[in-house]
Peer 1: 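The structure's right below; bear with me while I get my questions together.
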There are 2 protein chains.
Amino acid sequence: MTRIKEYSTIQENKRFALAQCPVTYVMEKIGGYWKPIILYQLSISDKRYSELRRAIPAISEKMLIQHLKQLEADKLIIREAKPVVPPFVTYRLSASGHSLKTIIGDMAAWAIEDAKGTFENVEG
Amino acid sequence: MTRIKEYSTIQENKRFALAQCPVTYVMEKIGGYWKPIILYQLSISDKRYSELRRAIPAISEKMLIQHLKQLEADKLIIREAKPVVPPFVTYRLSASGHSLKTIIGDMAAWAIEDAKGTFENVEG
DNA sequence: CATTATACATACTTTAGGGTAAGTACTTGT
DNA sequence: ACAAGTACTTACCCTAAAGTATGTATAATG
């Protein structure tokens, strides 16, 4: 995972925004390009690492793992590794993750209303 | 406003995410560092450009204008300019903007609960 | 004995977005 | 005459996040 500088104006402003603005807090947690898609996939069903990879073919392995680690650190998902070889790792939504589903649903509804016809299938 | 390349993998993936994922669509609209804060300020009351600037002292003028233009292009806010000099420009939420308030409120509520640790140690 | 599959890790590059600083045009106040 | 306030605009720099490519250990399979 990429190092970040201890100090920079961007970091300062981010801290400011996080302290002032709960919305930014949520953004920080689900605001990567792929995070909502990962969460959507996990909301359908628990999945192994490789299942996620196949479910989202366009994502690179680095991005997948990186976001999984972040989501895990933010306690939105739970990682379970069976001590076997080859490894068997399953990801699933935590309580926080599940509680986000309502919001995500509302966001999706708003988006679909706002841009009628742009979206074909998905809910996540 | 900064130019973007006609083609890049990032743009490709963004298009993919936007087409597949309504959440990403919402993120695109309210996902700048300052956008939620601007929207929040305008949800309190309509404001002139300079009032916004004073309400959010940490933001640079470039960022403020840039986000205002984007929010206007996305039809979340409405810009009204009186043809006088010195200029008198007022910004206010559009209908779309107002309809976002519920979602923003829910996000804020979730953020506060999550920060408190409400969801911790509960199984998904 | 080489390939495939598991679940990652890590070095390096690119790009979009954010930040800094300065300028524009026009009027009012001192 | 000059500073200050209005609402921007533009040129340039820097950083965080995203992308590319390759490597790791272990076991089963052909």
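When reading the values below, keep in mind they use all heavy atoms of this one structure, side chains included, and skip hydrogens, waters and symmetry mates. Residue numbering restarts at 1 for every chain, and letters A, B, ... go by the order of the sequence lines.
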Peer 1: Spell out, yes or no, whether A:Val26 and A:Ile103 are grouped together once hydrophobic residues are joined by side-chain heavy atoms under 4.5 Å, including indirect joins.
Peer 2: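 Yes.
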Peer 1: Any Lys/Arg nitrogen of B:Glu51 or B:Arg54 sitting under 4.0 Å from an Asp/Glu carboxylate oxygen of the other?
Peer 2: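 No, no charged N to carboxylate O under 4.0 Å.
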Peer 1: Are A:Gln66 and D:dA17 close enough that a side-chain N or O sits under 4.0 Å from OP1 or OP2?
Peer 2: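 False: A:Gln66 side-chain N/O out of range (4.0 Å or more) of D:dA17 OP1/OP2.
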Peer 1: Same hydrophobic cluster for B:Leu18 and B:Phe16, using side-chain heavy-atom links shorter than 4.5 Å among ILVMFWY?
Peer 2: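 Yes, one cluster joins them.
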Peer 1: Grab the CE-C1' distance between B:Met27 and C:dA16 for me, whole Å please.
Peer 2: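 Answer to the nearest Å: 17 Å.
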Peer 1: If only side-chain N and O atoms count, and only distance matters, is there a donor-acceptor pair under 3.5 Å linking A:Glu61 with A:Tyr49?
Peer 2: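 Checked: A:Tyr49/A:Glu61 side chains pair up, N/O donor to acceptor below 3.5 Å.
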Peer 1: Please pick, from C:dT20, C:dT6, C:dG18, the nucleotide with the shortest atom-to-atom distance to any side-chain atom of A:Thr9.
Peer 2: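 For the A:Thr9 side chain, the nearest candidate turns out to be C:dT20.
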Peer 1: Which atom pair, heavy atoms only, marks the closest approach of B:Tyr40 to B:Ser43?
Peer 2: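 That closest heavy-atom pairing would be O-OG, 2.7 Å.
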Peer 1: With sequence neighbours left out, which residue pairs that include part of residues 16-31 of chain A fulfil the salt bridge (Lys or Arg N to Asp or Glu O under 4.0 Å) condition?
Peer 2: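 Matches after skipping sequence neighbours: A:Lys14-A:Glu28, A:Lys29-A:Asp74, A:Lys29-B:Asp114.
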Peer 1: Quick one, B:Ile112 and B:Trp110 - any side-chain contact, counting heavy atoms below 4.5 Å?
Peer 2: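 In short, these two side chains do not touch, never coming nearer than 4.5 Å.
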Peer 1: Hydrophobic cluster membership, with links at side-chain heavy-atom distances under 4.5 Å among I/L/V/M/F/W/Y: are B:Ile78 and B:Leu52 in one?
Peer 2: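 No, B:Ile78 and B:Leu52 fall in different hydrophobic clusters.
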Peer 1: Check the side chains of B:Ser45 and B:Lys47 for a donor-acceptor pair under 3.5 angstrom, ignoring hydrogens and angles.
Peer 2: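 A donor-acceptor contact under 3.5 Å links the two side chains.
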Peer 1: For a quick check of understanding: with a heavy-atom distance under 4.0 Å over all strands, which category does A:Lys14 fall into, base, sugar-phosphate or nothing?
Peer 2: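 The residue A:Lys14 makes sugar-phosphate contact but no base contact.
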Peer 1: Between D:dA17 atom P and A:Trp34 atom CH2, what is the distance in whole Å?
Peer 2: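 Value for this atom pair: 17 Å.
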Peer 1: Return no unless some side-chain N or O of B:Arg53 is found under 4.0 Å from OP1 or OP2 of D:dG5.
Peer 2: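 B:Arg53 to D:dG5 OP1/OP2: no side-chain N or O under 4.0 Å.
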Peer 1: OP1 or OP2 of C:dG19 sitting under 4.0 Å from any side-chain N/O of A:Asn13?
Peer 2: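 So the side-chain polar atoms of A:Asn13 do come within 4.0 Å of the phosphate oxygens OP1 or OP2 of C:dG19, strictly under.
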Peer 1: Return the value, rounded to whole Å, for the distance between atom CG of A:Leu71 and atom P of D:dA17.
Peer 2: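 Rounding to the nearest Å, CG of A:Leu71 and P of D:dA17 are 14 Å apart.
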Peer 1: Measure the distance from CD1 on A:Ile65 to P on C:dA11 and round it to the nearest whole Å.
Peer 2: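 Those two atoms, CD1 and P, are 16 Å apart.
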Peer 1: Scan B:Lys82 against the nucleic acid and name what it touches under 4.0 Å (heavy atoms): base, sugar-phosphate only, or nothing.
Peer 2: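 It contacts nothing in the nucleic acid.
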Peer 1: Is B:Ile10 reachable from A:Ile38 through a run of I, L, V, M, F, W or Y residues, each pair having side-chain heavy atoms under 4.5 Å apart?
Peer 2: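 In one cluster: yes.
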Peer 1: Check the distance between D:dA16's P and A:Glu28's CD and give it to me in whole angstrom.
Peer 2: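 Rounding to the nearest Å, CD of A:Glu28 and P of D:dA16 are 12 Å apart.
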Peer 1: Using atom OH of B:Tyr7 as one end and atom C1' of D:dA18 as the other, report the distance to the nearest whole Å.
Peer 2: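 Taking OH of B:Tyr7 and C1' of D:dA18, I get 13 Å after rounding.
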Peer 1: Do the side-chain N or O atoms of B:His67 get closer than 4.0 angstrom to the phosphate oxygens (OP1, OP2) of C:dG18?
Peer 2: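 Looking at the OP1 and OP2 atoms of C:dG18, one of them is under 4.0 Å from a side-chain N or O of B:His67.
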Peer 1: Are OP1 or OP2 of C:dA7 and a side-chain N or O of A:Arg48 less than 4.0 angstrom apart?
Peer 2: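 Yes.
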Peer 1: Think B:Ser8 has a side-chain N or O under 4.0 angstrom from the OP1 or OP2 of D:dG19?
Peer 2: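 No.
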Peer 1: Atom NZ of B:Lys69 to atom C1' of D:dT10: distance rounded to whole Å?
Peer 2: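 One finds 14 Å between C1' of D:dT10 and NZ of B:Lys69, rounded.
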Peer 1: Is there a path from B:Leu64 to B:Trp34 through hydrophobic residues (I, L, V, M, F, W, Y) whose side chains come within less than 4.5 Å of each other?
Peer 2: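 Yes; B:Trp34 is reachable from B:Leu64 via cluster members.
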Peer 1: State which of C:dC8, C:dA7, C:dT20 makes the closest approach to the side chain of A:Ser50.
Peer 2: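 Among the listed nucleotides, the one closest to the side chain of A:Ser50 is C:dA7.
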Peer 1: Output the single nucleotide from C:dG18, D:dA21, D:dC8 whose closest atom is nearest the side chain of A:Ile10.
Peer 2: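 Taking heavy atoms from C-beta onward, the closest nucleotide is C:dG18.
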Peer 1: Among D:dC8, C:dT6, C:dA11, which nucleotide has an atom closest to any side-chain atom of A:Lys62?
Peer 2: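 In terms of side-chain proximity for A:Lys62, the closest of D:dC8, C:dT6, C:dA11 is C:dA11.
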Peer 1: If you look at every strand shown and take non-hydrogen atoms under 4.0 Å, does B:Ser60 touch a base, only sugar-phosphate, or nothing?
Peer 2: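 Base, at least one base heavy atom under 4.0 Å.
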Peer 1: Can you check each nucleotide of nucleotides 22-30 of chain C against protein heavy atoms at under 4.0 Å and return B for base, S for sugar-phosphate only, - for none, in 5' to 3' order?
Peer 2: ----SS---
Peer 1: Let me spell it out: for each of B:Ala58 and A:Thr90, pick the nucleotide of DNA chain C with the closest heavy atom. Which residue's pick is nearer the 5' end?
Peer 2: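 The residue closer to the strand's 5' end, by nearest nucleotide, is A:Thr90.
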Peer 1: Measure from the side-chain heavy atoms of A:Tyr33 and tell me the nearest of D:dC8, C:dG18, D:dG19.
Peer 2: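 For A:Tyr33, the side-chain atoms sit closest to D:dG19.
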Peer 1: Quick one: which protein N/O atoms are closer than 3.5 Å to N/O atoms of nucleotides 1-3 of chain C? Pair and distance per line, please.
Peer 2:
none

Peer 1: Could you tell me how far apart A:Lys35 (NZ) and D:dA16 (C1') are, to the nearest whole angstrom?
Peer 2: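 Atom-to-atom, A:Lys35 to D:dA16, this comes out as 13 Å.
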Peer 1: OP1 or OP2 of C:dA16 less than 4.0 angstrom from a side-chain nitrogen or oxygen of B:Gln11, does that happen here?
Peer 2: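 Checking B:Gln11 against C:dA16: at least one side-chain N or O falls below 4.0 Å of OP1 or OP2.
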